[in-house]
Asks: 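The structure under discussion is supplied below as structure tokens; questions concerning it will follow.
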Amino acid sequence: MKRKRQAPSPRELPTLATVLVTPPPLPRPTQKEPAQPIAARTPRPATRLTTWTLALSDGNQIPITGIGIIGRNPTGQDGYTHVVALEDPSRMLSRIHVAFGLTPESDPWVSDMQSANGTFLDDTELTPGVRTEIRPGQVLRFGDHHARIVIG
């Protein structure tokens with residue numbers, strides 16, 4: 001009568017290899033630093049009285065005196081100082097695309113309002129729902145439109 005051979009237990013098997021798991025490499029820093037969210041800035045005291053204007057590509061100039069919104073059809077929105085509807089034949093704008101306003105220190109900010117096609121500050125896409133400071137000279141792009149912040 002032949003005996004069945006038993007398989008060796010895991011302790012009896014030789015170690016063929018040891019598996020080491022290493023984390024993925026850290027991302028490399030880009031040459032351009034992305035726009036910094038307002039919450040990440042160091043607050044500074046409100047010592048200056050500066051007036052800011054949002055200059056749109058269609059020629060409109062909006063003095064920023066409170067919170068505003070821009071979009072294809074931002075009607076029916078209460079509680080905003082500025083409600084700006086832009087012509088959008090290419091349908092690139094969301095109904096409410098971007099918001100803007102001033103921080104307590106009177107610095108201008110912009111925020112993407114969960115738009116379908118995104119909002120860009122220079123070449124950096126804004127994180128939806130995050131207020132990001134905008135400085136003179138920077139270009140805000142949304143749909144087929146753009147805007148600049150100007151002093152005065």
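Heavy-atom basis, side chains included; hydrogens, waters and symmetry copies ignored.
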Asks: So if you build clusters from Ile, Leu, Val, Met, Phe, Trp, Tyr with side-chain heavy-atom gaps below 4.5 Å, do Met92 and Leu140 land together?
Replies: no
Asks: Could you pull out all residues at least two apart from Ser94 that satisfy side-chain contact (heavy atoms from CB on, under 4.5 Å)?
Replies: His97, Ser115, Ala116
Asks: List in chain and number order the residues that pass side-chain contact (heavy atoms from CB on, under 4.5 Å) with Arg91, two or more places apart in sequence or in another chain; answer none if no residue qualifies.
Replies: Arg72, Asp88
Asks: OG1 of Thr53 to CD of Gln61: how many Å apart, nearest 0.5 Å?
Replies: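 Thr53 OG1 to Gln61 CD: 6.0 Å, rounded to 0.5 Å.
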Asks: Do the non-hydrogen side-chain atoms of Ile70 and Leu56 ever get within less than 4.5 Å of each other?
Replies: yes
Asks: Under 3.5 Å, side chain of Trp52 to main-chain N/O of Pro136, donor-acceptor pair present?
Replies: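 Flag not set: sc Trp52 to bb Pro136 has no pair under 3.5 Å.
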Asks: Sub-3.5 Å donor-acceptor pair from the side chain of Asp112 to the main-chain atoms of Leu126, do we have one?
Replies: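 Flag not set: sc Asp112 to bb Leu126 has no pair under 3.5 Å.
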Asks: Quick check: closest heavy atoms across Trp109 and Thr103, and the distance to 0.1 Å?
Replies: CD1-N, 3.6 Å
Asks: Only counting residues at least two apart or in another chain, list the ones meeting ring-ring contact (aromatic ring centres under 6.0 Å, His included) with Phe100.
Replies: His82
Asks: Looking at Asp123 and Arg141, what are the two nearest heavy atoms and their distance?
Replies: OD1-NH2, 4.2 Å
Asks: In residues 142-152, what donor-acceptor pairs under 3.5 Å come from side-chain atoms, sequence neighbours left out?
Replies:
unit_1 : atom_1 : unit_2 : atom_2 : d
Asp144 : OD2    : Ser90  : OG     : 2.3
His145 : NE2    : Glu87  : O      : 2.8
Arg148 : NH1    : Gly137 : O      : 2.9

Asks: Considering only residues two or more places apart or on different chains, which pairs with a residue in residues 110-141 satisfy ring-ring contact (aromatic ring centres under 6.0 Å, His included)?
Replies: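 Passing the test, one end in residues 110-141: no pairs.
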Asks: Tell me, please, which residues at least two apart from Ser111 pass side-chain hydrogen bond (donor to acceptor under 3.5 Å, both in side chains).
Replies: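 Residues passing side-chain hydrogen bond (donor to acceptor under 3.5 Å, both in side chains) with Ser111: none at all.
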Asks: Where do Gln114 and Gly129 come nearest, in terms of heavy atoms and distance?
Replies: NE2-N, 4.1 Å
Asks: Calculate, to the nearest 0.5 Å, the distance between atoms CG and CD1 belonging to Asp107 and Ile134 respectively.
Replies: 12.0 Å
Asks: How many angstroms lie between CZ in Arg135 and CG in Asp122, if you round to the nearest 0.5 Å?
Replies: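 So the CZ of Arg135 and the CG of Asp122 are separated by 12.0 Å.
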Asks: How would you list, by chain and number, every residue that makes a side-chain contact (heavy atoms from CB on, under 4.5 Å) with Thr81, sequence neighbours excluded?
Replies: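 Checked Thr81 against side-chain contact (heavy atoms from CB on, under 4.5 Å); matches are Thr65.
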Asks: Could you tell me which residues satisfy side-chain hydrogen bond (donor to acceptor under 3.5 Å, both in side chains) with Asp58, sequence neighbours excluded, listed by chain and number?
Replies: Asn60
Asks: So which pairs with a foot in residues 57-81 pass ring-ring contact (aromatic ring centres under 6.0 Å, His included), sequence neighbours left out?
Replies: none
Asks: Out of curiosity, Ile64 CD1 to Ile62 CD1, how far, rounded to the nearest 0.5 Å?
Replies: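 Atom-to-atom, Ile64:CD1 and Ile62:CD1 are 8.0 Å apart.
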